[in-house]
Amino acid sequence: MRVLGIETSCDETGVAIYDVERGLLANRLHSQIALHQAYGGVVPELASRDHVAHLLPLVRAALDEARMDAGPIDAIAYTAGPGLIGALLVGASFARGLATAWAKPAIAVHHLEGHLLAPLLEVDPPAFPYLALLVSGGHTMLVDVMALGRYRVLGQSQDDAAGEAFDKTAKLLGLPYPGGAALAALAEQGESGAFRFPRPMLDRPGLDFSFSGLKTAVRVALRDRALTERTRADAARAFEDAVVETLAEKCRRALRETGRRRLIVAGGVGANRRLRERLVEVARDGGASAHFPRPAFCTDNGAMIAVAGALRLATGRASELRVRPTRAHWPLDAPEDEPA
Ligand code: KG4
Ligand code: ZN
């Protein structure tokens, strides 16, 4: 069973082909980062237009990479939401058009389900059930992944997502958008402990997060200081330490409360090296194993949509018509929701 996956929810155009027996056969990505950088954030209209320009060449390139034509493709999976509505519309229209032309089914996939299943693309994939820390530009949540399509949100950010906090703090430090990876690189030069920022919500029980105060704490700490290279690096390090410690502690609690034996990280912030190192320790201390997608599969990509679509197709859970084609908002607890 082979599925072509299409991801266009934000600023990456991703196309991949996944085979249930043989694994990933092709993976193509076009990043729009350079396009949006001048604006300091994603411009939705430009994102939509750029997806239009790149989808067809990427599909051709993926088919070439897999050395096949449309014949052996069994279905086309596409991100139906959540995300930027225009960008989603481009991917959904393209995928459903392709499905009609090729006379194959189209499968609507929840973007976050894609992130949650990304570790299945790696060798030694985790078996269900597992605990997932999903940390991206738009979401920060702890999810109990019980089975395909059965997700229980245990806690989430009450305000900014972890990636959003990284990006906003990076901006304060004069780094270009999206600043997460650049801030992490700057933090490597900094000294731990030169600044100390709060660990939000660690003093309270529960598994929710809050990151907007942390960004403010960085702003206040830097207000009357000359922004030397040293100061910037030390602040980046202290910020990263605070986010990583907060995420790690909530994972520790969640492992204990759920008794899960496997911990995974997903989403763009999951590419962060320090976070990965800390989560390995947290898993080990909690008697669990840690499973990470490679960094390129933490950020948005077509492979995670292809694997989600393939698993849905293989288990008869690919009912396209029950899902609204594009949804800017879509609760993860209801990945097969009825259309409104
Ligand atoms: O999952 P993703 O590609 O897109 C969303 O669905 O949001 O996540 C993007 C986020 C951005 O906020 C970016 O700054 C952050 O992931 N990010 C990182 C790193 N690489 C990407 N944050 C911290 N450290 C990194 N190495
Ligand atoms: Zn994402």
Side-chain angles (χ1 to χ4, degrees), residues 5-14 16 29-33 36-37 40-42 44 47 78-84 87-88 91 109-119 132-141 143 156-157 160-173 175-188 190 209 211-212 214-215 236-237 239-248 264-279 292-305 307-308 327-330 332:
I6 293 178
E7 155 64 31
T8 65
S9 67
C10 190
D11 59 347
E12 323 273 357
T13 320
L29 186 84
H30 172 75
S31 169
Q32 303 180 353
I33 284 179
H36 300 292
Q37 216 150 40
V42 178
Y78 64 94
T79 302
L84 300 173
L88 291 168
V109 172
H110 194 297
H111 180 76
L112 299 185
E113 173 170 82
H115 276 303
L116 292 175
L117 301 180
L133 173 67
L134 203 169
V135 271
S136 70
H139 298 87
T140 296
M141 37 174 80
V143 185
Q156 56 190 316
S157 180
D160 289 357
E164 196 178 351
F166 262 94
D167 293 341
K168 288 178 176 171
T169 304
K171 203 169 183 173
L172 277 178
L173 296 172
L175 298 167
Y177 180 86
L183 191 152
L186 182 63
E188 295 292 326
F209 306 89
F211 288 112
S212 65
L214 192 49
K215 164 198 72 197
R237 179 62 193 268
F239 169 83
E240 188 181 53
D241 284 348
V243 176
V244 168
E245 270 320 304
T246 306
L247 295 173
I264 72 119
V265 73
V269 182
N272 186 277
R273 188 177 65 79
R274 272 182 209 286
L275 176 61
R276 292 163 87 99
E277 285 172 4
R278 272 300 282 135
L279 292 182
F292 305 128
R294 71 196 78 170
F297 290 163
C298 284
T299 47
D300 291 347
N301 64 86
M304 67 186 196
I305 303 305
V307 75
R327 304 184 53 161
H329 302 284
W330 185 0
L332 181 58

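Along the sequence shown, the residues carry numbers beginning at 1. Reckoned from all heavy atoms, side chains included, excluding hydrogens, waters and symmetry mates. Each ligand, and each atom within it, is numbered from 1 in the order the structure gives.
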Side-chain donor or acceptor of T140 paired with backbone N/O of A162 under 3.5 Å: yes

Measuring only between side-chain heavy atoms, which start at C-beta, is E240 closer than 4.5 Å to R273? no

Can you find a pair of side-chain heavy atoms, one from P82 and one from H139, that are under 4.5 Å apart? yes

Among protein heavy atoms, which sits nearest to atom 3 (O) of ligand 1, and what does the distance come to when rounded to 0.1 Å? D300 N, 3.1 Å

R273, portion touching ligand 1 at heavy-atom distance under 4.0 Å: neither

Please report which non-hydrogen protein atom sits nearest to atom 1 (O) of ligand 1, along with the residue it belongs to and the distance in Å to one decimal place. G268 N, 3.0 Å

Which of the numbered atoms in ligand 1 are below 4.0 angstrom from a heavy atom of H115? 1 (O), 6 (O)

Strictly distance-based, threshold 3.5 Å: is any side-chain N or O of T8 a donor or acceptor partner for the main-chain N or O of A87? yes

Under a 4.0 angstrom heavy-atom cut-off, which atoms of ligand 1 come close to G138? 7 (O)

Report, in ascending order of atom number, the atoms of ligand 1 lying under 4.0 Å from any heavy atom of T299. 3 (O)

Quick check for you: within a radius under 2.8 Å, how many protein N, O or S atoms neighbour the Zn ion (ligand 2)? 3

Evaluate the side-chain proximity of V135 to L275: yes if any heavy-atom separation is below 4.5 Å, no if none is. yes

Hey, mind stepping through E245 and R274 against side-chain contact (heavy atoms from CB on, under 4.5 Å) and telling me if it holds? CA-CA 10 Å; E245 270 320 304; R274 272 182 209 286; over 6 Å; no

Just need the protein heavy atom nearest to atom 10 (C) of ligand 1, so name the residue and atom and give the distance. G137 N, 3.6 Å

Looking only at protein heavy atoms, identify the closest one to atom 13 (C) of ligand 1 and say how far it is in Å. D167 OD1, 3.7 Å

D11 (side chain) donor-acceptor with S31 (main chain) under 3.5 angstrom: no

Once you round to the nearest 0.5 Å, how far does CD1 of I264 lie from SG of C298? 8.5 Å

N/O of P178 under 3.5 Å from N/O of ligand 1, yes or no? no

Any non-hydrogen side-chain atom of C10 less than 4.5 Å from a side-chain atom of E12? no

Residue selection (non-hydrogen contact nearest atom 25 (C) of ligand 1) among A181, A162, A185, A165: A181

Working to the nearest 0.5 Å, report the span between OH of Y78 and CG of L88. 10.0 Å

How long is the span from the NE2 atom in H115 to the CG atom in L332, to the nearest 0.5 Å? 11.0 Å

For residues R276 and P295, determine if any side-chain heavy atom of one lies less than 4.5 Å from a side-chain heavy atom of the other. yes

Report the nearest protein non-hydrogen atom to atom 24 (N) of ligand 1: residue, atom name, distance rounded to 0.1 Å. N272 ND2, 3.1 Å

Would you mind checking which non-hydrogen protein atom is closest to atom 22 (N) of ligand 1, with the distance to 0.1 Å? G180 CA, 3.6 Å

Does an N or O anywhere in G163 fall below 3.5 Å from an N or O of ligand 1? yes

Contact check, side chains of F211 and F166, non-hydrogen atoms, under 4.5 Å: no

For ligand 1, note which part of H111 has a heavy atom under 4.0 Å away: side chain, backbone, both or neither. side chain

